[in-house]
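First the structure, in the form of structure tokens, and then the observations on it.
Given the structure is predicted, the values throughout are model-derived calculations rather than measurements. Just so you know, these numbers use all the heavy atoms, side chains as well, and skip hydrogens, waters and symmetry mates.
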Amino acid sequence: KNTNKLLNNDLFEILAGKTGYLDKAQYCLSVLTKKDKRRVLGVFLGSESDNQRFYDAKVLNWWAYENFKIKN
């Protein structure tokens, strides 16, 4: 069973991801995403819940794709 709740979103493509949990780091997620020709690598540590780590990743990836453009 896959636990990555970002897999079925229409904002960006998921290229790779890994979830984890440690007592000190809490809920964690590393994820590599792609939209058009751009890629974003995000590492999220210290989320308070399973759902929060995916929410944070979705919002921050969306923000990155909306605010950072490739210069020609």
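- In this structure, the separation between CZ on Phe12 and CG on Leu32 is 11.0 Å, given to the nearest 0.5 Å.
- Judged by distance alone, with hydrogens and angles left aside, the side-chain atoms of Arg53 form a donor-acceptor pair with the main-chain N or O of Gly20 at under 3.5 Å.
- More than 12 heavy atoms of other shown residues, nucleotides or ligands fall within 6.0 angstrom of atom NZ in Lys35.
- A distance of 11.0 Å separates OH of Tyr27 from CZ of Phe54, quoted to the nearest 0.5 Å.
- Trp63 and Leu29 fall within a single hydrophobic cluster, where Ile, Leu, Val, Met, Phe, Trp and Tyr side chains are chained together by heavy-atom contacts under 4.5 Å.
- With contacts defined as side-chain heavy-atom distances shorter than 4.5 Å, the pair Asp56/Ser47 qualifies.
- Once rounded to the nearest 0.5 Å, the distance linking NZ of Lys34 with OH of Tyr65 reads 9.5 Å.
- Hydrophobic clustering, with ILVMFWY side chains joined whenever heavy atoms are under 4.5 angstrom apart, groups Phe68 together with Leu60.
- Gly46 and Cys28 make their closest contact through N-SG, 4.5 Å (heavy atoms, listed as atom of the first residue, atom of the second, distance).
- Between Tyr21 and Asp50, the closest side-chain pair of non-hydrogen atoms is not below 4.5 Å.
- Two residues are said to be in side-chain contact when any heavy atoms from C-beta on lie closer than 4.5 Å; Val31 and Ile14 meet this criterion.
- To the nearest 0.5 Å, the span separating CG on Leu11 from CD on Glu66 amounts to 8.5 Å.
- Atom CZ of Arg39 sits about 13.5 Å away from atom CG of Asn61, to the nearest 0.5 Å.
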